[in-house]
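Contents: one structure, followed by commentary.
Quantities reported herein were computed from a predicted structural model and do not represent experimental measurements. Naming convention: chains lettered A, B, ... in sequence-line order (proteins, then strands); numbering from 1 in each chain.
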Amino acid sequence: MPTRPDLAPEAGLSRDEMEPLQREIADAAVFEDDVRFDPAAITTPLEAAASADDSAPIVAGVDQSFLDDDRALSAVVATQAGEVIERAHAVTPLEIPYIPGLLAFREGGPILAALAELSVDPDLLLFDGSGRIHFRQAGIATHVGVVRDVPSVGVAKSLLCGEPTESTENLPAGTRVSIEANSRVDAPDGTLLGYAVQTRQYDSPNRHINPLYVSPGHRVGPETAADVVQALSSQYKLPEPVRLADSYAEEAKSLVE
DNA sequence: GCGACAG
DNA sequence: ATCTTGTCGC
């Protein structure tokens, strides 16, 4: 499967050009497993401690922080068998504001720049944001996954669109609820877009934690996407590579001016 | 016109 | 996303 630099998310396009481009992305995307590694081999440090795998899949988390009103810092943290093997970041100017549905055009440039700084090549990319759970089935995880032709997963903290098939209030840890397409999504009603995944939950009856909204980016099906996120979320709500990218995005600010 | 809306 | 006080629970 080829990379698609021609479909890169460029800020500078008009809105009337962005949306058709997203439909092309969705057409090029593969929303089922097409990976060259064993998803079951993705582990957390503790589980992997026994064997310091050189052959374990490389999973990278990606996240952004902001320096000004007009510069983004994108951070990538690559992990293997639960250990950090490389970190990279890039600072680029922000060209457009945040618009729901068009996030990839705001943050895609910085992300591609940070990925270019990475020397290892990841087997799987985890993004802070949606994949197929998107109006045109082309969230930032899908867009970057297709452009780079790397398996990817979207991990969002809130739901952009789509409809949970049952209540997602106070789900027990380890459970998931289907998210299906509704009228706001460019797919037949009822299409499985992803899952609300409860990676952590409090024991107490009052306070509770909201689920993550996990969806295929590219070359990963919804079940595998949810499985991988659960496998990588041991101690905290967010999967470890995303959490690490989150804190590195903050930490790397001091390395800039 | 009104509501919904990742980061 | 970012800012920031207050509150809950272990």
Side-chain angles (χ1 to χ4, degrees), chain A residues 9 11 15 18-19 22 25-26 29 61-76 89 91-112 114 125-145 152-164 168 170 173 179-187 193-197 200-218 222 225 229 235-239 242-243 245-254 256:
Chain A
R15 184 160 186 161
M18 292 177 176
E19 298 186 354
Q22 290 184 321
I25 288 290
V62 183
D63 191 30
Q64 285 68 243
S65 64
F66 300 90
L67 295 161
D68 307 317
D69 271 335
D70 51 329
R71 285 188 305 168
L73 189 160
S74 185
V76 184
H89 70 279
V91 175
T92 66
L94 282 169
E95 299 177 31
I96 59 171
Y98 166 67
I99 300 167
L102 300 179
L103 182 65
F105 295 92
R106 174 173 164 86
E107 301 185 351
I111 290 170
L112 290 168
L125 261 21
L126 257 43
F127 289 89
D128 196 348
S130 283
R132 194 181 187 182
I133 296 177
H134 179 274
F135 309 121
R136 291 164 292 280
Q137 304 185 83
I140 194 160
T142 301
H143 206 136
V144 177
S152 62
V153 168
V155 182
K157 295 180 287 295
S158 58
L159 189 59
L160 175 60
C161 58
E163 191 70 28
T168 57
N170 205 4
I179 305 295
E180 295 183 342
N182 56 13
S183 61
R184 299 169 59 199
V185 180
D186 200 345
L193 300 178
Y195 287 101
V197 178
R200 300 275 296 165
Q201 191 51 280
Y202 293 134
D203 298 317
S204 44
N206 0 37
R207 217 171 169 70
H208 62 87
I209 300 174
N210 295 134
L212 291 173
Y213 297 94
V214 178
S215 57
H218 182 45
V229 166
Q235 196 142 188
Y236 300 90
K237 169 173 171 171
L238 285 174
V242 173
R243 238 178 52 78
D246 196 279
S247 55
Y248 183 53
E250 197 57 40
E251 178 189 337
K253 281 183 177 178
S254 61
V256 191

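- Pairing each heavy atom of A:Val76 with each of A:Tyr248, the nearest pair is O-CD2, 4.5 Å.
- Straight-line distance from the CD atom of A:Gln64 to the P atom of B:dA6: 16 Å, rounded to whole Å.
- Among the atoms of the strands shown, none is found under 4.0 Å from any heavy atom of A:Gly154.
- Using modelled atom types and a 3.5 Å distance limit, the side chains of A:Ser74 and A:Gln64 yield a donor-acceptor pair.
- Under the 6.0 Å distance and 45° angle rule, A:Arg106 does not count as a cation-pi partner of A:Tyr98.
- With C:dG9, B:dC5, B:dG7 as the candidates, the nucleotide lying closest to the side chain of A:Arg207 is C:dG9.
- Here A:Tyr98 lies parallel enough and close enough to stack on the base of B:dG7, with planes under 30° and ring centres under 5.5 Å apart.
- Comment: A:Asp246 does not engage A:Arg243 in a salt bridge, judged by the lack of any side-chain N to carboxylate O separation of less than 4.0 angstrom.
- Summarising the geometry, the separation between CG on A:Leu73 and P on C:dA1 is reported as 14 Å, rounded to the nearest angstrom.
- Nucleic acid contact class of A:Ser158 (heavy atoms, under 4.0 Å, all strands): sugar-phosphate only.
- Residue A:Ile133 is out of contact with every strand shown, counting any heavy-atom pair closer than 4.0 Å.
- Between A:Lys157 and the phosphate of B:dG7, there is a side-chain N or O to OP1/OP2 separation shorter than 4.0 Å.
- Rounded to a whole Å, the CG atom of A:Asp186 is 21 Å from the P atom of B:dA4.
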From CA spacing to verdict: salt bridge (charged side-chain N to carboxylate O under 4.0 Å, His left out), A:Lys157, A:Asp128: CA-CA 8 Å; A:Lys157 295 180 287 295; A:Asp128 196 348; 2.8 Å; yes
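- Summarising the geometry, the separation between CZ on A:Arg184 and P on B:dA6 is reported as 9 Å, rounded to the nearest angstrom.
- The CG-P distance, from A:Asn210 to B:dG7, rounds to 12 Å in whole Å.
- Atom pair A:Arg106:CZ and B:dC5:C1' shows a separation of 15 Å (rounding to whole Å applied).
- The nucleotide whose nearest atom lies closest to any side-chain atom of A:Ser204 is, among B:dG7, C:dC10, C:dT2, C:dC10.
- The nearest whole Å value for the distance from the CG atom in A:Leu67 to the P atom in C:dC3 is 11 Å.
- Atoms OH (A:Tyr213) and C1' (B:dA6) sit 12 Å apart, rounded to a whole Å.
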